[in-house]
Amino acid sequence: MEEKFRFISHEKLDDPYIHEVVYLELDGKYRVAFIRKQAKNGGMFWTAPSLSCTKNGTRQYLPAFMFDSKFLSDDIKSFLEKGVWNQQANDLSVDSKESSPNELPF
């Protein structure tokens with residue numbers, strides 16, 4: 001079975017709103033960033049980045065990446081929430097700049 005996505009890298013940030021960024025490879029040819037943001041209520045969540053712009057006089061956020069499949073979105077968010085990629089990177093002593101663990105569950 002072909003992989004849905006593959007972990008590429010992870011980085012922690014000093015930003016008050018975006019705490020982490022993870023890059024995943026989709027379909028063997030696209031690298032997509034997922035960020036861990038902090039909501040106004042203090043909760044943390046993973047999402048694809050969005051673009052901020054003014055449209056019709058109001059500030060709007062347009063998605064930089066959209067899923068064709070809710071299943072793929074759910075799989076990626078579950079993978080990120082569980083931190084499996086982080087545990088595997090630690091087990092393999094992989095540098096966070098560029099890594100590619102071969103034993104991901106997808």
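Sequential numbering from 1 along the given sequence is applied to the chain's residues. Hydrogens, waters and symmetry mates are skipped; everything else that's a heavy atom, side chains included, is used.
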Following the transitive rule for hydrophobic clusters with a side-chain heavy-atom cut-off under 4.5 Å over Ile, Leu, Val, Met, Phe, Trp and Tyr, establish whether Met44 and Phe34 coincide in one cluster. no

Quick one: are Lys37 and Thr47 in side-chain contact, heavy atoms under 4.5 Å? yes

For a side chain to side chain contact (heavy atoms under 4.5 Å, CB included) check, start with the C-alpha distance between His19 and Lys12, then their side-chain angles and the critical distance, and finish with the verdict. CA-CA 6 Å; His19 293 269; Lys12 290 191 180 214; over 6 Å; no

Report the C-alpha distance between Ile76 and Leu26 in whole Å, list the side-chain angles of each, state the deciding distance to 0.1 Å, and finish with yes or no for side chain to side chain contact (heavy atoms under 4.5 Å, CB included). CA-CA 10 Å; Ile76 288 173; Leu26 302 179; 4.0 Å; yes

Taking the side chain as C-beta and beyond, is there a heavy-atom pair between Ser52 and Arg59 under 4.5 Å? yes

Rounded to the nearest 0.5 angstrom, the CZ-CG distance for Phe45 and Leu80 is 13.0 Å

Determine whether a donor-acceptor pair (N or O, by modelled atom type, separation under 3.5 Å) exists between the side chain of Thr54 and the backbone of Gly57. no

If you apply the rule side chain to side chain contact (heavy atoms under 4.5 Å, CB included), what do you find for Leu62 with Cys53, and how did you get there? CA-CA 8 Å; Leu62 306 175; Cys53 66; 3.6 Å; yes

Do Glu11 and Glu20 come within less than 4.5 Å of each other through their side chains, counting heavy atoms only? no

Could you walk me through whether Tyr30 and Glu25 pass the side chain to side chain contact (heavy atoms under 4.5 Å, CB included) check? CA-CA 5 Å; Tyr30 305 106; Glu25 182 179 275; over 6 Å; no

Report yes if some heavy atom in the side chain of Leu24 is under 4.5 Å from a heavy atom in the side chain of Ile8; otherwise report no. no

About how many Å separate OG of Ser9 and OH of Tyr23, when rounded to the nearest 0.5 Å? 7.0 Å

Measure from the ring center of Phe7 to the ring center of Phe5 and say whether it is less than 6.0 Å. no

From the list Ile18, Leu13, Val22, side chain to side chain contact (heavy atoms under 4.5 Å, CB included) with Ile35 holds only for Ile18

Rounded to the nearest 0.5 Å, what separates atom CZ in Arg36 from atom CD in Glu81? 6.0 Å

Taking atom CG of Asp14 as the centre, report whether more than 12 heavy atoms of other residues, nucleotides or ligands fall under 6.0 Å from it. no

For Lys70, the salt bridge (Lys or Arg N to Asp or Glu O under 4.0 Å) test, sequence neighbours excluded, returns Asp74

Neighbour count >12 (heavy atoms, 6.0 Å) for atom CZ, Phe67: yes

Quick one: does Asp15's side chain have a donor or acceptor within less than 3.5 Å of a partner on Tyr17's backbone? yes

Heavy atoms only: give me the nearest Pro49-Ala33 pair and the separation to one decimal. CD-O, 3.1 Å

